[in-house]
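One structure is given below, encoded as structure tokens.
Starting from 1, each residue takes its place in the sequence as its number. Both backbone and side-chain heavy atoms feed into the values below; hydrogens, waters and symmetry mates do not. Please read all numbers here as calculations on a predicted model, not as lab measurements.
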Amino acid sequence: MNSVTHVVLTGGVGSRLWPLSRKSRPKQYIPLFEGKSLFQLCVLRNNLICNDLLIVGNESNRDLSVQNLKEIHQDNFNEIVEVTPRNTSAAIAFAAFSLGNEAVMLVTPSDQVVTGEKEYERSILEAISLAKENYLVTFGIKPSRPETGYGYIEFQDNDVVSFREKPDKKKAEDYVKSGRYLWNSGMFCFKADIFLEELKMYEPEIYNFSKNAFENILENKLNLEDSNLIPSKSVDYAVMERSKKIKVVSADFGWSDLGSFDSLWEYFDAHDDGPTRQNLVLGTNKHVEFLGVDNIVFVETDDAILILPRSMSQDVKNVYERLEREKPELLK
């Protein structure tokens, strides 16, 4: 029987959730969900399915991950520490090199929220079954709205017809109406050796430099010189959109990457018992009143206040990028 290892990718800053999300505490570590973080929820929901846990993350996130694991009494885990981010292809390759050839990897980002426990387990088990048949499996989420912030997968049963970039509003509406498209979740399942074979075929430089970096790892930590040689490319572009061994699981569970205040608002509306909110207040214990305005997001931290209409949630990333140039101290 193949062992199943849950590989958690902890990279990412969550720039569209600034000022809540910072470089010192990215969104996946913020305890917004009944005292738990997205990272903790990610680990807990896969413990009953997977035999082992492997954390792959940046050096800057290492202490946050360890502390989060300690808080949920997760003592058994392995880790691979990257000293510089080289994107998801390399991160997954490091995990694959560390596991046996027949090991099945369930690869998940650490910054997603999932609801529907039975549906989730059913989708994961379907993916594991396909992975054991030597397929590279991606998870597609049935869209609930014409979202422009996600990539899409065109599908037929378990077959991938095409991958589509983040669409404009009209294309997103057409995708959802057709019933032939799924949101690209960024979750994957495959055998370690099958992934490495495909990576070596399509991106030999990433494969070779990642292998060299992993072979020189010291106390679970990669070194900077080797890491800098690895081309930075997402696993979607490097492998998933090119391989002939791709399958997709059409998932029924509730899912969001909570990548914006709009998606966070939607989550709270779905899980609060009270009436649907007219405005959203985050990060402050102060009483906030709104007069004559609806659909406003108000966020306060010790050193910053952000106010925006809900419809502009995706544009917070532009604020983050401007502050990176003008006031980088506000991103720490």
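- Salt bridge status for R145 with E266: present, with a side-chain N to carboxylate O gap under 4.0 Å.
- The backbone N or O of V7 sits nowhere less than 3.5 Å from a side-chain atom of T5 that would complete a donor-acceptor pair.
- Using modelled atom types, one side-chain atom of S89 and one backbone atom of K233 make a donor-acceptor pair closer than 3.5 Å.
- Side-chain polar atoms of Q74 and N47 form a donor-acceptor pair below 3.5 angstrom.
- For the atom pair OG1 of T138 and CD1 of I153, the computed distance is 4.0 Å after rounding to the nearest 0.5 Å.
- Cluster annotation: L106 is not connected to V248 through the hydrophobic network of ILVMFWY side chains, with a link wherever side-chain heavy atoms come within less than 4.5 Å.
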Item checked: Working for salt bridge (Lys or Arg N to Asp or Glu O under 4.0 Å), residues E215 and K211 -> CA-CA 6 Å; E215 288 174 347; K211 187 173 188 290; 2.6 Å; yes
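- Ring geometry, F190 versus F195: the interplanar angle falls under 30°, so the pair is classed parallel (tilted spans 30 to 60°).
- In this structure, N279 contributes its side chain and V293 its backbone to a donor-acceptor pair below 3.5 Å.
- Counting only residues at least two apart or in different chains, ring pair (Phe, Tyr, Trp, His ring centres under 6.0 Å) contacts with residues 6-45 comprise Y29-F39, F33-Y267.
- The pair K327-D303 does not meet the salt-bridge criterion, since no charged nitrogen lies less than 4.0 angstrom from a carboxylate oxygen.
- A donor and an acceptor atom, one from each side chain of N51 and S3, are nowhere located under 3.5 Å apart.
- Applying the salt bridge (Lys or Arg N to Asp or Glu O under 4.0 Å) test to every pair with at least one member in residues 25-38, sequence neighbours left out, gives these pairs: K27-D111.
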Next item on the list: Apply the test ring-ring contact (aromatic ring centres under 6.0 Å, His included) to residues F97 and Y207: give CA-CA distance (whole Å), side-chain angles for both, the deciding distance (0.1 Å), then the verdict.
Entry: CA-CA 10 Å; F97 283 125; Y207 174 88; 5.5 Å; yes
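- With respect to Y175, the ring pair (Phe, Tyr, Trp, His ring centres under 6.0 Å) criterion is satisfied by exactly one of Y181, W183, F155: Y181.
- Looking only at distances, no side-chain donor or acceptor of D294 sits under 3.5 Å from a matching main-chain atom of Q278.
- Residues passing the ring pair (Phe, Tyr, Trp, His ring centres under 6.0 Å) test with Y120, sequence neighbours excluded: F253.
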